Engineer: 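Please read through the structure below; I'll follow up with questions.
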There are 2 protein chains.
Amino acid sequence: MKKHDAVATLAALAQDSRLDVFRLLVEAGPDGMLAGQVAAALGLPPNTLTFHFDRLREAGLVTVRREGRSMIYAARFETMHALVAYLTDHCCQGRPELCKPGPGNATRLSAARKPERVSG
Amino acid sequence: MKKHDAVATLAALAQDSRLDVFRLLVEAGPDGMLAGQVAAALGLPPNTLTFHFDRLREAGLVTVRREGRSMIYAARFETMHALVAYLTDHCCQGRPELCKPGPGNATRLSAARKPERVSG
DNA sequence: AAAACATTTCAATAACTATTGAAATGTGAA
DNA sequence: TTCACATTTCAATAGTTATTGAAATGTTTT
């Protein structure tokens, strides 16, 4: 995955309704869901939903196919995994044990906040 | 991780310069980098960089600490891993083998493109 | 204390994104 | 062929985000 694609994929997911849509489709699995089912599940108007489906599709995160009058959307897990790989690759200068998930590796939280401006 | 945080984290990463910054810090590892080093590596003006650091920090993706006149920024791997978990959790109605990465699981690409409008 | 340095703040502007109502398209049923 | 249904397109608008120059802050050196 190239940087441009990674940004597009992240942008596609960085929106309330779209994240809901995508996670619903991830939960649904490879068979996907009817557009109307998604609309009903999330309470989104059909034109708004089309707009968001388009963004997800352009980012390669979902596929569509027609079935009768309905459209069936499904998550593309491949893209999701590629994004994860893009984010986590090359970490820690070749010593990935420094940033692997799990216990015993809690990030130092003492520096989580920005040192506040003091004077005025 | 809650939905609101996931959207914030994704939005923080969904921008060219910020994705560059974050990946540079991921590569640098837990010790982080001087703000000036990041600016030099990416060719960003300092005020622009501050803007992006702020977004990354608000999303919990980086920490800052001061050292002399410099600020040292470091990636927060914990947040990155939480995001990945948020995206991939609950997939495929409890049958995660359907969406795990790896060969033998290529997504059906036949439906990757939207059926085009035909008439005019 | 003054100068130099690294970074942040502020205010203005340009560019992008989401939402909506109304109309159109493609498909299936009567 | 007419009607109903599911979804998409279009155009307008409101809201958000990135970038920039100029000024300010906090720290170290002289």
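Both backbone and side-chain heavy atoms feed into the values below; hydrogens, waters and symmetry mates do not. Bear in mind that the values here come from a model prediction, so they are computed numbers and not experimental data. We name chains A, B, ... by the order of the sequence lines, and we start the count at 1 in each one.
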Engineer: Answer yes or no: does a side-chain N or O of A/His52 lie under 4.0 Å from OP1 or OP2 of C/dT19?
Structural biologist: yes
Engineer: Compare the minimum distances between each of C/dA18, D/dA6, D/dT29 and the side chain of A/Arg18, then state the nucleotide with the smallest one.
Structural biologist: C/dA18
Engineer: Check every atom of D/dA18, C/dT19, C/dT20 against the side chain of A/Phe51 and return the nucleotide holding the closest atom.
Structural biologist: C/dT19
Engineer: Just how far, in rounded Å, is P of C/dT7 from CG of B/Leu42?
Structural biologist: 13 Å
Engineer: Measure the distance from CG on B/Asn47 to P on D/dT17 and round it to the nearest whole Å.
Structural biologist: 19 Å
Engineer: Please tell me if B/Tyr73 has a side-chain N or O lying less than 4.0 Å from either OP1 or OP2 of C/dA6.
Structural biologist: no
Engineer: B/Ile72 CD1 to D/dT27 P: how many Å, rounded?
Structural biologist: 14 Å
Engineer: I want to verify a distance call: between D/dT9, D/dT19, C/dT19, whose nearest atom is closest to the A/Thr48 side chain?
Structural biologist: C/dT19
Engineer: Return the value, rounded to whole Å, for the distance between atom CG of B/Leu44 and atom C1' of D/dT20.
Structural biologist: 13 Å
Engineer: Does a nitrogen or oxygen in the side chain of A/Gln15 sit under 4.0 Å from OP1 or OP2 of C/dT19?
Structural biologist: yes
Engineer: Assuming nearest nucleotide by heavy-atom distance, tell me which of A/Gly68 and B/Phe53 is located more 5' along DNA chain C.
Structural biologist: B/Phe53
Engineer: Run the numbers on B/Arg65 and B/Met71 for side-chain contact (heavy atoms from CB on, under 4.5 Å), then give the verdict.
Structural biologist: CA-CA 6 Å; B/Arg65 63 185 197 276; B/Met71 303 299 261; over 6 Å; no
Engineer: Evaluate A/Lys2 against A/Asp5 for salt bridge (charged side-chain N to carboxylate O under 4.0 Å, His left out), listing each step before the verdict.
Structural biologist: CA-CA 5 Å; A/Lys2 293 187 183 161; A/Asp5 302 317; over 6 Å; no
Engineer: I need the CE-C1' distance between B/Met71 and C/dC5, as an integer number of Å.
Structural biologist: 14 Å
Engineer: When the distance from CG of A/Leu34 to P of D/dT8 is rounded to whole Å, what number comes out?
Structural biologist: 12 Å
Engineer: Compare the minimum distances between each of D/dT8, C/dT7, D/dG21 and the side chain of B/Thr50, then state the nucleotide with the smallest one.
Structural biologist: C/dT7
Engineer: Hey, does the side chain of A/Arg66 come within less than 4.0 Å of C/dG26's phosphate (OP1/OP2), counting only N and O?
Structural biologist: no
Engineer: Could you say whether A/Pro46 or A/Arg69 is positioned toward the 5' end of DNA chain D, judged by the nucleotide with the nearest heavy atom to each?
Structural biologist: A/Arg69
Engineer: Would a distance-only check, ignoring hydrogens and angles, find a side-chain to backbone donor-acceptor pair under 3.5 Å from A/Thr79 to A/Gly60?
Structural biologist: yes
Engineer: Has A/Arg23 got its NZ or CZ under 6.0 Å from the middle of the six-membered ring of B/Tyr86, at an angle within 45 degrees of the ring axis?
Structural biologist: yes
Engineer: Look at the side chain of A/Ala35 and decide which nucleotide, out of D/dT20, D/dT7, C/dG21, has an atom nearest to it.
Structural biologist: D/dT7
Engineer: Within this structure, what is the CG-to-P distance between A/Leu19 and C/dA18, rounded to whole angstrom?
Structural biologist: 13 Å
Engineer: Roughly, in whole Å, what's the span from CE in A/Met33 to P in D/dA6?
Structural biologist: 15 Å
Engineer: If you assign A/Glu67 and A/Arg55 each to the DNA chain C nucleotide with the nearest heavy atom, which residue ends up on the more 5' nucleotide?
Structural biologist: A/Arg55
Engineer: Can you confirm if the NZ or CZ of A/Arg18 lies within 45° of the ring axis of A/Phe53 and under 6.0 Å from the centre of its six-membered ring?
Structural biologist: no
